[in-house]
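Sequence lines set the chain letters: A, B, ... in the order given, protein chains first and strands last, and positions in each chain run from 1.
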Protein chains: 4
Amino acid sequence: MADLEDGSTSPAPRKRADARRNEKTLLDAAAAAFVTSGVDVPVRDIAAKAGVGVGTIYRHFPTRADLIVAVYQHQVEACVQAGPALLASSSTPYAALAAWIDLFVDFLVTKHGLAKAMQSGDSAYQSLHGSFIDRLVPVCGQLLEAAGAAGEIRPGIGGFELMFAVGNLCSGADYGDARYDARRMVDLLVAGLRAG
Amino acid sequence: MADLEDGSTSPAPRKRADARRNEKTLLDAAAAAFVTSGVDVPVRDIAAKAGVGVGTIYRHFPTRADLIVAVYQHQVEACVQAGPALLASSSTPYAALAAWIDLFVDFLVTKHGLAKAMQSGDSAYQSLHGSFIDRLVPVCGQLLEAAGAAGEIRPGIGGFELMFAVGNLCSGADYGDARYDARRMVDLLVAGLRAG
Amino acid sequence: MADLEDGSTSPAPRKRADARRNEKTLLDAAAAAFVTSGVDVPVRDIAAKAGVGVGTIYRHFPTRADLIVAVYQHQVEACVQAGPALLASSSTPYAALAAWIDLFVDFLVTKHGLAKAMQSGDSAYQSLHGSFIDRLVPVCGQLLEAAGAAGEIRPGIGGFELMFAVGNLCSGADYGDARYDARRMVDLLVAGLRAG
Amino acid sequence: MADLEDGSTSPAPRKRADARRNEKTLLDAAAAAFVTSGVDVPVRDIAAKAGVGVGTIYRHFPTRADLIVAVYQHQVEACVQAGPALLASSSTPYAALAAWIDLFVDFLVTKHGLAKAMQSGDSAYQSLHGSFIDRLVPVCGQLLEAAGAAGEIRPGIGGFELMFAVGNLCSGADYGDARYDARRMVDLLVAGLRAG
DNA sequence: CATGAATGAGAATTCATTCAT
DNA sequence: GATGAATGAATTCTCATTCAT
């Protein structure tokens, strides 16, 4: 089936073709720059990497947060989708929860500085919560609830705090201290959920 | 008895009294500024608060990390001292470990942005690890070892990673999101040590 | 009877009706934008208000001055026409001059920033002189000459300088300082013409 | 007698010597730049002309208005002083008023763009009114009042509007159109005061 | 030793103008 | 012809850091 947006809905879709390609270039460059220098990388650096002028970035993504959101949107969505799926396919709700958090860790540990930005408290990044945390928290909440209903975990832990804690544990995991394995610490945290 | 710190630790014991007083002023101002604006506060702000020129700060503390280290030194030392004490006074090694980590959390959650700085990966803050983490890690290691020897916790967890994880969990705890209680998450982590 | 302006004045009388309609839209939008934000309003704002792309504006009016000229052309022409008419209908040449200048002031005080732009010295606006001042100066000159011939005013004042002075006096009249009434100052100037 | 500030009052006057010299350099460079490029000249250009870094300018004059004020302060004060003096030495109050306005014109016509800036309505320049206009308006008011009391001029003209009008008439006088002589137009205006 | 003036690299952001579609 | 995406020069402002006094 063809892409709906191009095929029928949009009345002026034509010239967007290359603009969208350009946006893709931008996102790739930004993603790369984020990995290299963190999400605080200067706008000009991203522009240079993308081979465009800084104005182009500002046109597409007026604020830095817009850019960050766009860069990671897809992966966040995939994570959101995976929640119910894991719940359906896992042996127990707790197993689903553990697996899902594993997925989330996968996402975070490859994103230099993302966790940091999200916890920076900088108002410029407030919208990241709206787009990421708030999108993921309900999913996490459902998994926690299911595990709680099954009596597998201690009660009273919320989705937000668990997400936030996992995010925190992954922070700095990418700065290469071999002595710190974020995944192992998250395992500890998740194991702690069972203790009652 | 003379001041222990000057008498035995310091390699440059002869400091004029007023110089020390000056340094004290600096540290107080810096501590206050850190609380108000985080550890990234502009040097000039600290100087102004202390009523000295910026040059004076640079003379005493060539890098920002030096200043941070100096500001929190005492509390870190107190934490170090507390380790063996708790081990001696607690019912079990695990209880001592839990209590000690609680102390560390106390330290961190009142220091705006300190946890963040320590995990920033910014090379300027690398030395914080040398001064804080590395000072505390051995203590933590001993407690872990004792608890391990007593069969109270799962084996294979190192002092460094536990310290780092706790530090991470406390990051952002001061940005006032009521939904996130760092201490509770640390509890989870510590509880997780027993599992397995 | 056909539109006089197109029928006789314009050297390119064959313009497609929709192109002219388009240009009208542009001029209206520009006029509105000039009132709101002054003649220095960003091109993009005008384009947005007109519902066209910026390219369209550049096609019709390569320079900003071209646009300004076009926006105010009609009113300038009306002013030009009024000169001889007032001379014929007034009791004395001086009365005609005073009335005509009054008309000119009417024109200027409602045009935010026009007077300012015309005196800005910015080379981009040089052509405004060619289109406005130079169109009006001869009219003003005739009125001055008539009044001079009648012995009503002091000799030696040129049309250009009087126009320019009046334009200057109207500058800033629209920035709302209630203490400044441009018309009153122009009255003073015109009264000064009589003093000898 | 020695300079009081250096000699006895200031507790830390010594190193201000070169700082003050530097400020002088800054003011000279700014004055020159204002003449060349108007008061909107980029900060960097002024810095370059002065042979200092931009930061130095920001240190001394946080806002552009501060710099403009400083550059013209002396001359404004001289103008203020001249008011009463002229009143005392002139044959009639009107003669004093005319002479004083002549002085003000002298000041303005050599200051490229100053009149423009003062009438720009730009909030950044609001403080110029506070420093210039408001300083001069009372003087002008006194002269007007004296001339009015002597029955030499028409009543009802305020100091502010006269100052503003004169300022306006001098606007653009420096952009070198030989056909416009600001002084002559101001003469007309002042002559107009007598009429009526 | 202390001071704080000076430096200047760096980052953000805006907009006039061009040009591929 | 019309569109609006892209460009990048231009400008402002901030701070870490150095160094003359």
Check whether any side-chain nitrogen or oxygen of [X] sits under 4.0 Å from OP1 or OP2 of [N], and answer yes or no.
X: N22(A); N: dA5(F); value: no
X: T56(A); N: dT7(F); value: yes
X: R64(C); N: dA16(E); value: yes
X: H60(B); N: dC1(E); value: no

Note to self: Applying a 4.0 Å non-hydrogen cut-off, can you work out what V54(C) is touching in the nucleic acid: base, sugar-phosphate, or nothing?
What the structure shows: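 The residue V54(C) makes base contact.
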Check: Between the base of dA5(F) and the side chain of R59(A), is there any donor-acceptor pair under 3.5 Å?
Finding: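 Present.
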Margin query: From CD1 of I57(B) over to P of dC1(E), roughly how many Å is that when rounded to an integer?
Written below: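 Nearest whole value for this atom pair: 17 Å.
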Notebook entry, point to check: Taking for each residue the nucleotide of DNA chain F bearing the nearest heavy atom, is the 5' side occupied by P42(B) or by G55(C)?
Noted result: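 Going by which nucleotide is closer to the 5' end, it is G55(C).
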Check: Taking the nucleotide of DNA chain F with the closest heavy atom to each, which residue, G53(A) or G53(C), is nearer the 5' end?
Finding: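 So the residue in question is G53(C).
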Notebook entry, point to check: Is there a donor-acceptor pair closer than 3.5 Å between any side-chain N or O of T36(A) and the backbone N or O of A32(A)?
Noted result: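 Yes; judged by distance alone, with no hydrogens or angles, the pair exists.
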Notebook entry, point to check: Okay, side chain of R64(C), backbone of P42(C): is any donor-acceptor separation there less than 3.5 Å?
Noted result: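 Not confirmed, R64(C) side chain does not pair with P42(C) backbone.
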Item checked: 5′-ward residue of the pair Y58(C)/V52(D) relative to DNA chain E ->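 Its nucleotide being nearer the 5' end, the pick is V52(D).
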Note to self: Do L27(C) and F61(C) make a side-chain contact, defined as non-hydrogen atoms from C-beta onward lying under 4.5 Å apart?
What the structure shows: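 Yes; the side chains approach each other to less than 4.5 Å.
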